[in-house]
Amino acid sequence: MTPQHGQPAAQPAPLALPAHEEPNQFALLRQRRFAPFFWTQFSGAANDNLFKFAFTVMVTYQLSVSWLPPAMAGLVIGALFILPFLLFSATSGQLTDKYDKTRMIRFVKNLEIAIMALAAWGFVANHVPVLLLCTFLMGLHSTLFGPVKFAYMPQVLNERELTGGNGMVEMGTFVAILLGQVAGGLLVALPGIGHTAVAVGCIALALAGRLVAQFIPSAPATDPNLVINWNPFTETWRNLKLAHGNVVVFRSLLGISWMWFFGAVFLSQFPALAKEVLHGNEQVASLLLVVFSVGIGVGSLLCEVLSRRHVEIGLVPLGAIGMSVFAVDLYFATRSLPAAEMMGAAAFLAQPHHWRVLLDLALLSLFAGLYSVPMYALIQMRSQPTHRARIIAANNILNALFMIGSSVIAGALLGAGFTVPQVFLFTGIANAVVAAYIFLLVPEYLLRFVAWVMSRVIYRFKVRGDEHIPSTGAAILACNHVSFVDAVLLMAASPRPIYFLMDHRIFRVPVLGWLFRLAKAIPVAPQKEDPATYEAAFERAAQVLREGDLLAIFPEGGITKDGELQPFKGGIMKIIERAQADGIQVPVVPMALTNLWGSYFSRIERGTAMVRPFRRGMFSRVGLNVGAPVAASEVQPEPLRGRVAQLLQA
């Protein structure tokens with residue numbers, strides 16, 4: 001893919017540190033490259049929600065505006081806020097790609113100060129039209145900031161930090177939303193000075209955000225020669241086509257947008273759920289929002305731990321399963337609650353059957369965090385840097401459309417006589433169907449999930465030296481072959497997809513054969529046995545390297561039957577020669593799987609496998625040692641075997 005206009009400026013990749021030196025997600029808050037950015041986005045999200053919630057309370061409970069009835073106020077404010085995402089996301093993506101991202105952030109924060117100054121006058125003067133205008137302008141503020149937020153992180157964080165960084169931002173966003181709404185509700189209700197207090201709070205947050213933005217280090221433009229297309233409609237269509245050019249990224253955008261659809265259904269129904277189903281007052285509605293926000297935050301922070309600090313999209317199916325399970329259980333937990341008088345939060349919590357409702361809501365949102373953070377990180381990692389902000393802009397457009405769709409569909413279901421719990425049941429079932437569809441369209445999610453389960457549930461899998469696996473560009477991974485699941489474990493060790501050159505006979509193994517076909521593994525047969533398959537395998541291997549992907553080969557040619565490292569065959573030399581003929585010098589990364597001999601999937605039982613499931617107990621400790629890459633010109637079968645043998649002893 002080439003840039004739309006001009007040539008991109010060369011961008012240095014974020015520095016990859018050894019694993020023991022990399023900061024975890026909380027340590028990032030002590031680093032200038034992340035902390036000022038985090039607090040800038042935190043203050044902006046808090047200010048958005050303080051303003052919107054205070055304004056909603058004001059026109060719903062405190063002012064009588066004939067042309068804006070209380071029942072419509074929330075819908076109008078929400079629609080005005082989201083409209084700029086549809087109109088200006090494409091333009092904001094272009095601006096972010098063209099200009100220094102730190103410069104864009106400071107411009108957006110200056111704009112926020114101006115908007116909040118106007119809003120302050122609107123609150124003090126009780127001028128609803130001005131506040132409606134400010135709602136639209138704050139939507140524009142968020143529209144401009146969205147692409148910057150997600151395009152900045154991959155420019156300053158390396159691959160091992162990206163999941164943690166996204167988790168922190170996702171957690172921070174939901175905490176900021178929660179605190180902003182609580183502050184807005186409390187300030188606007190202060191007797192006599194409520195509107196003035198809201199005005200002061202909005203300006204103070206805007207100034208604080210601009211102050212910390214001054215400390216964000218420079219993040220240079222990724223496509224400074226880009227010519228801006230100011231037509232939002234043609235550029236929106238162009239952005240969607242641009243995103244569609246990368247199938248995995250585009251379908252991940254759809255997956256994230258579905259998550260916003262899913263979440264919007266629940267968030268929009270909390271007041272009705274609290275009042276009509278749980279017989280609670282506004283305190284109970286607020287409690288539901290708190291539980292949902294905390295669940296999202298915890299799930300987002302768990303991603304780094306569960307992914308072992310890689311971009312682990314295997315968590316996405318896990319998240320989708322949890323979202324559906326607990327959405328469906330929420331229906332069963334709420335469908336037959338006994339009638340009761342209207343109650344506050346204390347009385348609500350005093351009844352044991354309400355704890356199941358809160359637990360379902362907490363786990364549902366926790367799994368939503370596990371679902372969304374790896375998808376955001378994948379989009380950031382797989383999008384071309386010169387187009388990354390425009391891809392994020394396309395994501396924002398799709399998110400807005402899906403959220404509007406969620407309002408329409410939820411309204412239609414309620415209008416058709418569905419109860420709120422039935423809407424939740426419908427959404428949970430729909431989530432399972434949509435998730436299954438996405439995972440079949442993009443098998444990588446399902447494959448990574450299988451690899452994640454295999455390496456963390458069936459085995460206790462420890463990887464050393466994974467910083468040697470290239471984060472970009474073509475490479476050959478050369479590994480010993482000990483069991484039927486070696487390829488699955490290598491998948492778990494690499495944040496990038498791997499194409500495997502594998503003995504054609506393994507495709508006949510039940511389940512594993514289907515899995516490897518889904519992974520587009522390349523079957524290879526001995527030349528004397530099947531010349532056509534032999535030649536096709538090496539042609540496909542050459543194509544993988546030409547496309548800049550990772551190719552894995554087991555140079556022994558088959559699974560060991562005695563646990564010993566077998567002689568390496570010459571197939572790897574043929575692959576290197578084909579690559580050199582294509583003008584590609586690919587590094588070869590030696591790898592050694594350790595302690596797999598004797599496990600369930602090895603051939604320790606008289607040359608066969610999968611005979612005694614628990615011969616080593618429930619959890620086998622296995623590992624992968626990765627060595628430094630070897631230049632293609634230095635590779636020969638026997639010295640390469642020696643490197644792998646050394647890694648086996650490491």
Side-chain angles (χ1 to χ4, degrees), residues 40-89 92 105-146 173 176-213 267-268 271 282 286 289 400 403:
T40 299
Q41 68 86 30
F42 185 95
S43 66
N47 213 5
D48 278 346
N49 286 276
L50 188 157
F51 166 79
K52 283 192 301 176
F53 197 73
F55 182 29
T56 303
V57 170
M58 174 178 150
V59 294
T60 303
Y61 296 103
Q62 299 176 350
L63 296 181
S64 178
V65 183
S66 59
W67 50 270
L68 187 62
M72 291 295 295
L75 291 175
V76 171
I77 291 170
L80 277 174
F81 188 81
I82 205 169
L83 182 59
F85 285 90
L86 295 175
L87 295 178
F88 305 119
S89 283
S92 70
I105 291 171
R106 291 170 185 164
F107 168 78
V108 170
K109 302 313 286 184
N110 290 337
L111 177 64
E112 183 183 351
I113 293 172
I115 297 168
M116 288 296 100
L118 181 61
W121 179 83
F123 276 114
V124 172
N126 292 334
H127 203 294
V128 174
V130 165
L131 292 174
L132 288 173
L133 172 63
C134 290
T135 301
F136 178 84
L137 292 175
M138 282 304 286
L140 175 62
H141 154 273
S142 296
T143 301
L144 291 171
F145 191 74
T173 299
I177 289 171
L178 179 62
L179 293 179
Q181 292 191 353
V182 170
L186 292 175
L187 291 176
V188 78
L190 291 175
I193 60 168
H195 295 184
T196 302
V198 171
V200 172
C202 287
I203 291 177
L205 271 175
L207 290 172
R210 179 59 184 88
L211 178 64
V212 292
L267 288 168
S268 65
E282 60 273 9
S286 297
L289 177 63
M403 290 172 73

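Computed from a prediction, not measured in an experiment: that's the story for all the values here. Residue numbers count from 1 along this sequence.
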Nearest 0.5 Å please: distance from the OG atom of S142 over to the CD1 atom of I82. 11.0 Å
May I have all residue pairs that pass salt bridge (charged side-chain N to carboxylate O under 4.0 Å, His left out) and include part of residues 108-129, sequence neighbours excluded? K109-E112
Specify the closest pair of heavy atoms between I77 and L132, including all atoms of both residues, with the distance to one decimal. CG1-CD2, 4.4 Å
Could you measure the distance from the CD1 atom of I177 to the NZ atom of K52? Nearest 0.5 Å is fine. 7.5 Å
Residues L86 and A400: closest non-hydrogen pair is CD2-CB, 3.7 Å
Please assess D48 against F81 for the test side-chain contact (heavy atoms from CB on, under 4.5 Å), listing each intermediate value before the final yes or no. CA-CA 9 Å; D48 278 346; F81 188 81; 3.8 Å; yes
When rounded to the nearest 0.5 angstrom, what distance separates CG in L187 from NE2 in H195? 11.0 Å
Any side-chain heavy-atom pair of F53 and V57 under 4.5 Å: yes
If you measure from CG on L83 to OG1 on T135, what distance do you get to the nearest 0.5 Å? 12.0 Å
Would a distance-only check, ignoring hydrogens and angles, find a side-chain to backbone donor-acceptor pair under 3.5 Å from S43 to T40? yes
Within 6.0 angstrom of F107 CZ, more than 12 heavy atoms from elsewhere: no
Are the side chains of L111 and F145 in contact, using a 4.5 Å heavy-atom criterion? no
Indicate the atoms forming the closest heavy-atom contact of F51 with F123, along with that distance. CD1-CE1, 3.6 Å
Any L131 side-chain heavy atom under 4.5 Å of M58 side chain: yes
Give me the ring orientation class for W121 and H127: parallel if the planes are under 30° apart, tilted from 30 to 60°, perpendicular past 60°. tilted
All side-chain contact (heavy atoms from CB on, under 4.5 Å) counterparts of A183, not counting sequence neighbours: L50
Please find the pair of heavy atoms, one from G184 and one from A54, that lie closest to each other, and give the distance. O-CB, 3.8 Å
F85 versus G139, closest heavy-atom pair with distance: CE1-O, 4.0 Å
Could you measure the distance from the CG atom of N110 to the CD1 atom of I115? Nearest 0.5 Å is fine. 11.0 Å
CG on L140 to SG on C134, rounded to 0.5 Å: 12.0 Å
Please confirm whether the backbone N or O of T143 pairs with a side-chain atom of S92, one donor and one acceptor, at under 3.5 Å? yes
Hey, does M116 have a side-chain heavy atom less than 4.5 Å from the side chain of L207? no
